[in-house]
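Everything below concerns the one structure shown next.
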There are 2 protein chains.
Amino acid sequence: MNSSKTVGLADVAREAGVSLATASRALNSAYGVAATTRERVAEVARRLEYVASPEASRLATGATRSVALVVPHLDRWYFGEMVGGLEEVLREAGHDVLLYHVGDPEGRHAFFEHLPARRKVDAVVVVAVPVTDHERRRLELMGVTIVAAGGQDATYPYVSIDDAAAVRQATEHLLRLGHRRIAMITAVDPDRTDQPVHRGRTRGFYEAMVRADVPVDEELVVATTWGGVQAAEAMENLLSIRELPTAVLAHSDEMALGAMRTIRRAGLRVPEDISVIGIDDHPLAELVDLTTVRQPVRDQGLQAAHLLLALLRGQKPNLAQKLPTRVVVRSTTTTAREKQPSPAHPAPDTTSH
Amino acid sequence: MNSSKTVGLADVAREAGVSLATASRALNSAYGVAATTRERVAEVARRLEYVASPEASRLATGATRSVALVVPHLDRWYFGEMVGGLEEVLREAGHDVLLYHVGDPEGRHAFFEHLPARRKVDAVVVVAVPVTDHERRRLELMGVTIVAAGGQDATYPYVSIDDAAAVRQATEHLLRLGHRRIAMITAVDPDRTDQPVHRGRTRGFYEAMVRADVPVDEELVVATTWGGVQAAEAMENLLSIRELPTAVLAHSDEMALGAMRTIRRAGLRVPEDISVIGIDDHPLAELVDLTTVRQPVRDQGLQAAHLLLALLRGQKPNLAQKLPTRVVVRSTTTTAREKQPSPAHPAPDTTSH
DNA sequence: CTGAAAGCGCTTACAG
DNA sequence: CTGAAAGCGCTTACAG
């Protein structure tokens, strides 16, 4: 199949005048080879442009030198950015990076069932994908290390942001501007309706409100799946409430943009009538002047990769790393007006224009 | 390292009462095995949850069953979406998907230099990454198939959109609305300043203008690197021109958003004062009501993967596939006013807002 | 420090 | 149709 002969370890050994064993050791291990021998072999290898066959090495050692990246989406900024950070340090460390897209719970299940059957990877990092304790234990039994990048707190090593803190920051920003009727568009993972509602980002909202001693109007808390269009629809419900909110907090920037579209189409202005704040600091947030809470996504990927490498080396790294977030004030939030806007309850109109 | 024994082909063979050779053939090849034998072996394999060791198979056959995805960015929607499409069909076809991020020309060069040294992959698909003919030939000599997903026309198999046609459609949309002073913010790849200017997207603009017999004011054509912020700056230059354009065409939606920010900050309105159209139909374009030219990104990834598979199978697929694009009218474009806006040449102000 | 040899888990001509 | 055997290209105890 491949006509051009590739140079093998045997070629290097012959050329350097040593045995296969010595050549191998010279190229890999630190001990057990005379310095001069090692250098000579290395020199020959370089000259011959020798590259070890990964298949053969893996077969002989049992280690695969590759890690699987499990991601639920590839088309959202968050995931691409995360993967970019992970790839950089893993590749740098000499690992192959295998991409696995698991869309739904079944896909996820299939992945964890089949992967360990025959170890194709030494480790897997899940990007904001939930992993059951059972799945995690299964992997560990098979000797594959697991790490989470982003997502909710896990019972295994992870690096993420403090979701509750991020939303607390957003809420406090609005409270500071004098807002009291604050609405929140909560994101729920469609595959995980089992989860407690008042956790993560949602919890942060309640915490901030309680601390500020501002009562939460439950009517102003709506839930929907991730996504701008879904948030736009949720916003329609919020606009049908008798007393409109003066500010809206969305669980992501995409969702904030969706909410803004609904507000705009209803003939209201942002931020004059309703302030809007998102979470993420999506690259486009800057271009649409959206106030948001910035989370360092690439850094989470970078750190998660380092965490994984430390674990593979048998070190004892910090197993629960949370990266800081901070409010980025742009122009979609402003001080609360005294009077509520009540523009004759404009019928939300999504078809027009 | 791995304590739990995995079941090997030997276990299957023994259990099925056949030799290793027969077991292997039964599981792989279509011919040379009695139907009953094949079934029995398959049954045993299933029961034992046998999974072949990829390392061993690869070492024995020489085929890697894996393909490398080479991408220049991971944090932009376009690339994530493309990769998602590629991953889906390649994984489905039983290939491993290795991710390679090559940021700059050196990285790209290093990739093509080292990859073929020892075949880690059977094929590589480059996502909008330029490949020199020399690099392509090198890969082919080593027996690795190459395919391009997206990007400019290549001298090797590819699937992409017709860049010139996409911009032609955008230009024609503006012309149809009565615009004559149309500005264009051209995207240039910082690594490829060598390329002819009037090609791809840029060429489409000139073609449409010539066809409509509308003279192009070269002052209205500005170039910048991809990116919203860069486009925002380019837009500042356009606003400093004595006679403002009535419409702006940006080479991407991100760039269109950047242009809109500058227009907005200058106190002008979109589309009343200046119409804006982008290219892509980025998922967020819908949320900001941006008029654009839609390109099917995921489909390009899907098709490119199918093209690759066909090539690997030795078939003769269409080596130059172009997917259609179409204008999606939203609310950032409108008919040209009779009079030009000349708001006393507002000084572009990027600090305020 | 170095070498001969076995082994990693498959696949595939070569004989029957 | 089926089996014994060699081989894919490394690594690593085991002896020196």
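Labels below follow one simple rule: chain letters A, B, ... track the order of the sequence lines, proteins then strands, and each chain is numbered from 1.
- Rounded to whole Å, the P atom of D:dA15 lies 22 Å from the corresponding atom of D:dT11.
- Distance CG (A:Leu59) to C1' (D:dG9): 9 Å, rounded to an integer number of Å.
- Listed here is the closest heavy atom pair of B:Val159 and B:Gln300: CG2-O, 3.6 Å.
- In DNA chain C, the stems built from three or more successive Watson-Crick or G-U pairs (distances below 3.5 Å) are C:1-3 with D:14-16, C:5-12 with D:5-12, C:14-16 with D:1-3.
- Around atom CD of B:Glu92, no more than 12 heavy atoms belonging to other residues, nucleotides or ligands sit under 6.0 Å away.
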Each nucleotide in nucleotides 11-16 of chain D should get exactly one letter: B, S or -. Can you fill that in based on protein heavy atoms under 4.0 Å? BBB---
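- Between A:Ala26 and A:Val33, the shortest heavy-atom distance links the atoms N-CG2, 3.9 Å.
- Going from the P atom of C:dA6 to that of C:dT2 covers 23 Å, rounded to whole Å.
- With a 4.5 Å cut-off on side-chain heavy atoms, B:Val127 and B:Leu86 count as touching.
- Taking atom CD on B:Glu55 and atom C1' on C:dG9, their separation rounds to 10 Å, with Å as the unit.
- When the P atom of D:dG3 is taken as reference, atom CZ of B:Arg14 falls 15 Å away, rounded to whole Å.
- Judged purely by atom type and a 3.5 angstrom limit, B:Arg138 uses its side chain to pair as donor or acceptor with the backbone of B:Phe112.
- An OP1 or OP2 oxygen of C:dG9 is reached within less than 4.0 angstrom by no side-chain nitrogen or oxygen of B:Ser53.
- Here the shortest heavy-atom pairing between A:Gly151 and A:Tyr78 reads N-OH, 3.5 Å.
- Residue B:Arg58 contributes atom CZ, which lies 16 Å from atom P of D:dC10 at whole-angstrom precision.
- Taken from CG in A:Leu9 to OG1 in A:Thr22, the straight-line distance is 10.0 Å, to the nearest 0.5 Å.
- Minimum atom distance to the side chain of B:Val18 is reached by D:dG3, of the listed C:dG9, D:dG3, D:dT2.
- The 5' end of DNA chain D is approached more closely, in terms of each residue's nearest nucleotide, by B:Thr37 than by the other of B:Thr37 and A:Ala10.
- In this structure, CG on A:Asp75 lies 7.0 Å from NE2 on A:His101, to the nearest 0.5 angstrom.
- Applying the side-chain hydrogen bond (donor to acceptor under 3.5 Å, both in side chains) test to residues at least two apart or on different chains, the pairs with a partner in residues 65-74 of chain B are B:Thr64-B:Ser66.
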